[in-house]
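Scroll down for the structure; my scribbles are underneath it.
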Amino acid sequence: MRDHDTLPYSTPALADGERVARALRMRDRLKQRRSCRYFSDAPVPRKVIEAAIEAAGTAPNGANHQPWHFAVVSSADMKRRIREAAEEEERAFYSGKASDEWLDALAPLGTDAEKPFLETAPWLIVVFAQRKGGFDEDGETQNYYVNESVGIACGMLIATLHEAGLATLTHTPSPMGFLREICGRPAHEKPVMIVVAGLPTEDATVPVKATRKKPLSQISSWL
Ligand code: IYR
């Protein structure tokens with residue numbers, strides 16, 4: 001006997017062909033995702049963001065403590081503060097802190113210290129990892145596999161926003177402690193990334209370099 005409470009679990013009964021078709025459909029949808037750096041100020045319903053965060057909140061995670069918090073920023077004032085603080089860090093990064101090797105790696109992506117999208121995009125989702133807190137967020141209970149859990153949740157968040165037809169960007173100013181202060185989060189939470197969400201400008205482009213994906217034969221081995 002299992003000595004904990006349980007519920008039945010099953011997966012849908014599908015023909016193999018349908019399983020393959022669904023996997024290919026999902027793959028093809030996800031293949032269309034791009035990191036976008038040109039956001040319009042067109043509004044996007046709050047409900048989309050709420051649903052995507054609920055989807056992220058279903059991610060597999062350590063001991064079901066769900067060690068994440070999503071601070072959703074939409075006010076012009078807060079977005080401006082985040083942009084100003086992020087650009088200050090990025091200026092230091094691009095004009096000295098980053099190694100030449102790192103800057104060379106970024107050159108084909110065309111990134112620089114200017115982050116206007118932090119103000120123009122309708123939504124900034126600031127993702128925090130809770131180092132402690134447990135399910136009840138008591139701030140003390142140990143959490144487990146925090147980075148892994150939050151990473152998976154971010155992937156599910158981005159996939160859902162993409163499925164809703166939004167453009168996204170994972171933005172990781174470094175260091176990003178300022179996000180804790182601006183968003184009013186406690187010291188045991190670590191800012192992980194900003195997921196910028198909205199619609200692309202009409203003349204948005206993406207770097208060709210970013211569209212090259214490693215083939216299956218390179219990213220997998222079958223043992
Ligand atoms: N955080 C910087 C630099 C940057 C670093 C990597 I690695 C990227 O893939 C993209 C950017 C910035 O946002 O510009």
Side-chain angles (χ1 to χ4, degrees), residues 7-12 14 18-37 39 43-74 82 117-118 121-137 141-174 176 179-180 183 185 188-200 206 210-211 213-214 216 219-220:
L7 288 169
Y9 170 72
S10 65
T11 54
L14 303 174
E18 178 59 13
R19 294 192 202 286
V20 172
R22 285 192 186 202
L24 292 174
R25 205 152 57 225
M26 184 76 169
R27 177 202 65 185
D28 289 344
R29 282 290 303 137
L30 291 174
K31 253 186 167 174
Q32 289 161 8
R33 187 203 55 79
R34 298 283 171 263
S35 289
C36 175
R37 294 186 174 79
F39 283 86
V44 164
R46 173 183 166 127
K47 191 73 203 155
V48 173
I49 308 301
E50 289 179 355
I53 292 172
E54 286 177 326
T58 69
N61 66 88
N64 200 31
H65 287 188
Q66 304 166 50
W68 40 62
H69 182 85
F70 303 90
V72 185
V73 175
S74 60
I82 289 174
F117 51 77
L118 292 174
W123 300 104
L124 306 181
I125 306 169
V126 188
V127 183
F128 291 88
Q130 298 176 326
R131 284 183 280 238
K132 289 178 178 294
F135 184 91
D136 294 324
E137 309 202 11
T141 301
Q142 186 59 48
N143 286 338
Y144 306 99
Y145 298 103
V146 171
N147 293 338
E148 294 83 347
S149 303
V150 176
I152 298 168
C154 287
M156 293 170 67
L157 175 73
I158 292 163
T160 307
L161 294 168
H162 171 64
E163 187 59 20
L166 267 58
T168 58
L169 178 69
T170 52
H171 178 51
T172 50
S174 162
M176 50 183 148
L179 290 168
R180 189 190 296 121
C183 298
R185 300 308 302 170
H188 64 272
E189 290 190 3
K190 183 178 75 151
V192 172
M193 69 177 72
I194 305 173
V195 176
V196 184
L199 296 174
V206 294
T211 65
K213 300 303 173 196
K214 293 182 186 177
L216 179 67
I219 65 172
S220 63

For P12 and R19 the tightest heavy-atom approach is O-NH1, 3.5 Å
Interatomic distance, I82 atom CD1 to L124 atom CG [nearest 0.5 angstrom]:
5.5 Å
Here the pair of heavy atoms bringing T211 nearest to R34 is CG2-NE, 3.5 Å
Does E189 offer a backbone N or O that forms a donor-acceptor pair with the side chain of R180 under 3.5 Å?
yes
What is the ring orientation for H171 with F117, classed by angle as parallel under 30°, tilted 30 to 60°, or perpendicular over 60°?
perpendicular
State, with a plain yes or no, whether a side-chain heavy atom of T141 is found less than 4.5 Å away from one of D136.
no
In terms of heavy-atom contacts, T160 and A52 come closest through CG2-CA, 3.7 Å
CZ (R185) and NZ (K190) are apart, to the nearest 0.5 Å, by 15.5 Å
One should read off an interatomic distance between M26 CE and E163 CD, to the nearest 0.5 angstrom, of 7.0 Å
I194 CD1 to T168 OG1 distance, which is reported to the nearest 0.5 Å:
13.5 Å
Once you round to the nearest 0.5 Å, how far does CD1 of I125 lie from CD1 of I53?
4.5 Å
Can you tell if the side chain of N143 reaches within under 4.5 Å of the side chain of N61, non-hydrogen atoms only?
no
One should read off an interatomic distance between Q142 CD and R131 CZ, to the nearest 0.5 angstrom, of 11.0 Å
Report, as yes or no, whether the 6.0 Å neighbourhood of atom CZ on R46 holds more than 12 heavy atoms from other residues, nucleotides or ligands.
no
Flag side-chain contact, heavy atom, 4.5 Å: L157 against F70:
yes
Might you point out which heavy atoms bring W68 and A59 nearest each other, and give the distance in Å?
CH2-O, 3.4 Å
Less than 4.5 Å apart, side chain to side chain, heavy atoms only: is that true for R33 and S35?
yes
Can you name the closest pair of heavy atoms from A197 and L166 and give their distance?
CB-CD2, 4.1 Å
Are there more than 12 heavy atoms of other residues, nucleotides or ligands under 6.0 Å from atom NZ of K213?
yes
Carefully, step by step, assess L169 and C36 under the rule side-chain contact (heavy atoms from CB on, under 4.5 Å).
CA-CA 5 Å; L169 178 69; C36 175; 5.5 Å; no
Checking the side chain of W123 only, and the main-chain atoms of I49 only, is there a donor and an acceptor separated by less than 3.5 Å?
no
When every non-hydrogen atom of A153 is compared with those of A56, the smallest separation belongs to O-CB, 3.4 Å
Counting distance only, does the side-chain N/O of H162 pair as donor-acceptor with the main-chain N or O of R29 below 3.5 Å?
yes
